[in-house]
Peer 1: 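Input: one structure, supplied below.
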Amino acid sequence: MSFRPALSTLALACGVFACSGALAQNAPIKVGLMLPATGTFAALGDAIEKGFKLHVQEQGGKLGGREVQYFKVDDESDPAKATDNVNKLIKRDQVDVLVGTVHSGVALAMARAARESNTLMIVPNAGADALTGAQCAPNIFRSSFSNWQPGYAAGVVAAGKGYKRAMSITWNYAAGNEAVKGFTEGFEKGGGKVMKELSLPFPGVEFQALLTEIAAQKPDVVFAFFAGGGAVKFVKDYDAAGLKKAVPLVVSGFVTDGTLEAQGASAQGILSTLHYADNLDTPRNNAFRKAYAISYKQQPDVYAVQGYDAAQMLAAGLNAVKGDIKQREALQAAMAKAVIDSPRGKFSLSPQRNPVQDIYLREVKGVNNETRGVAVKALADPGRGCRL
Ligand code: PHB
């Protein structure tokens, strides 16, 4: 039998116009990945993409019954280029969904463009509080955390250890400043006092003068937020300055996540708080880690988990509308009420669309962040300023 009649029927149905209805549903879902491929966060972007693609692979390459087509932009973690970059995906490639990014400042610009064009967006890392706070929107979801969450939990842990005088050190941009704010809230609620906040411009790694100041002040504890390449250098410099033995660190978990092979001995024993730990001994985490290691010949980290869960959130929405992404309200409603079976443990979303999740206390052992229990259970970001 010839395929000719079927093909001409298809051509007639599409005509000179774009295909619609059943035919459009056979077209792939266009996923725009806006992530850093260069700079201090390059490895983080890579892990997010691998995690996202792993979940899609596990669904036979389809979400909601539709093939997935990827469009990619390297955002370089540069907020100045963010609007141009996101418009390549929204206007040029006309993606159905934006997945991105790592850097809070870039994500805020992306979210503005997503709101204005009503493009569905899933944030697989950037913690900017406003994304699910003052700038929240029905089409903006997060699979990761708010900067406040791990910071607040670190403050609770540090106060619980009886420390009274803290200093903080971070990059001076949204993520660092908000993590410090969260830490201060948790720490001061528990009776501590943050004596001094130190910072340097993103993505600088000239830590020496600031470490000298910590050595001079001798606080009981230091809280830090850094990530990626910058975090590797910070942990090594802190150790080399002789501070590791003198002033304990209780840090945001990103300081030691995806970085441990490079940090080596300098990271051993560091305590941190985060919504994931490598050795969570659950069937879900064990299966995820095994599948990731088989696919990519490397171990996953928190960023891989967040990418994987971004795909799970999209799948929950697409399954509810049988792949018809045009049914946006129904799709978003399904995403908003989904319970995500994450390697970190099951989580649901707050009304502002940010994960409500356990924040673990972790300790570095070898190349793993091992859990030492839950620092704060089912922690919800306050979602300040969000009106949905
Ligand atoms: C952020 O900019 O929000 C950010 C970047 C890297 C992290 C965490 C948060 O690891």
Side-chain angles (χ1 to χ4, degrees), residues 34-49 51 75-82 99-111 121-133 135 140 142-154 168-183 199-205 223-235 251-260 262-263 267 270 272-277 300-307 309-310 344 354-355 357 359 362 369 381:
M34 180 153 152
L35 295 166
T38 49
T40 199
F41 291 160
L44 289 56
D46 182 56
I48 289 168
E49 180 174 343
D75 67 39
E76 303 170 50
S77 295
D78 185 349
K81 297 182 184 161
V99 176
T101 187
V102 169
H103 183 287
S104 274
V106 177
L108 286 166
M110 282 181 79
M121 173 168 172
I122 306 175
V123 180
N125 183 70
D129 292 343
L131 290 168
T132 55
Q135 316 282 332
I140 297 175
R142 182 149 54 193
S143 66
S144 51
F145 61 93
S146 73
N147 290 321
W148 179 88
Q149 284 176 310
Y152 176 82
S168 64
I169 178 167
T170 190
W171 282 313
N172 183 13
Y173 82 116
N177 297 332
E178 291 172 356
V180 169
K181 253 181 134 170
F183 175 81
S199 67
L200 71 168
F202 173 87
V205 290
F223 171 77
F225 167 87
F226 295 104
V232 171
K233 175 118 186 335
F234 171 73
V235 164
V251 297
S252 166
F254 303 109
V255 174
T256 57
D257 222 281
T259 53
L260 292 176
Q263 287 165 336
I270 293 180
S272 69
T273 49
L274 206 61
H275 47 285
Y276 183 63
D301 54 21
V302 69
Y303 307 102
V305 172
Q306 294 168 172
D309 291 342
R344 77 188 84 171
N354 188 64
Q357 53 195 341
I359 307 291
R362 305 117 44 93
N369 286 285
D381 181 89

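Order of appearance sets the numbers: ligands from 1, and atoms from 1 within every ligand.
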Peer 1: Of the side chain and backbone of Phe226, name the one, both, or neither that has a heavy atom under 4.0 Å from an atom of ligand 1.
Peer 2: neither

Peer 1: Within this structure, what is the CG-CZ distance for the pair Leu274 and Phe145, rounded to the nearest 0.5 Å?
Peer 2: 7.5 Å

Peer 1: May I ask you to decide if the ring planes of Trp171 and Phe225 are parallel, tilted or perpendicular, using 30° and 60° as cut-offs?
Peer 2: perpendicular

Peer 1: Which residue and atom name correspond to the protein heavy atom nearest atom 10 (O) of ligand 1, and how close is it?
Peer 2: Tyr303 OH, 2.7 Å

Peer 1: Which residue and atom name correspond to the protein heavy atom nearest atom 3 (O) of ligand 1, and how close is it?
Peer 2: Ser104 OG, 2.6 Å

Peer 1: Which of the atoms of ligand 1 are close to Ala227, meaning less than 4.0 Å from one of its heavy atoms?
Peer 2: 6 (C), 7 (C), 10 (O)

Peer 1: Which atoms from ligand 1 have a heavy atom of Phe145 less than 4.0 Å away?
Peer 2: 8 (C), 9 (C)

Peer 1: Considering both backbone and side-chain atoms of Gly127, is one of its nitrogen or oxygen atoms within less than 3.5 Å of a nitrogen or oxygen in ligand 1?
Peer 2: yes

Peer 1: Please confirm whether the backbone N or O of Thr256 pairs with a side-chain atom of Asn369, one donor and one acceptor, at under 3.5 Å?
Peer 2: yes

Peer 1: Angle between ring planes, Phe202 versus His103, binned at 30° and 60°: parallel, tilted or perpendicular?
Peer 2: perpendicular

Peer 1: Kindly say whether Gly151 contributes a backbone atom to a donor-acceptor pair with the side chain of Glu178 at under 3.5 angstrom?
Peer 2: no

Peer 1: Taking 4.0 Å as the limit for heavy-atom contacts, which would you say applies to Phe225 with ligand 1: side chain only, backbone only, both, or neither?
Peer 2: side chain

Peer 1: So is Asn125 polar-close to ligand 1, meaning N/O to N/O under 3.5 Å?
Peer 2: no

Peer 1: Which pair of heavy atoms, one from Ala130 and one from Leu108, lies closest together, and at what distance?
Peer 2: CB-CD2, 4.0 Å

Peer 1: Have a look at Asp129, Val102, Val106 and point out the one with the heavy atom closest to atom 1 (C) of ligand 1.
Peer 2: Val102

Peer 1: Do ligand 1 and His103 have nitrogen or oxygen atoms that lie under 3.5 Å from each other?
Peer 2: no

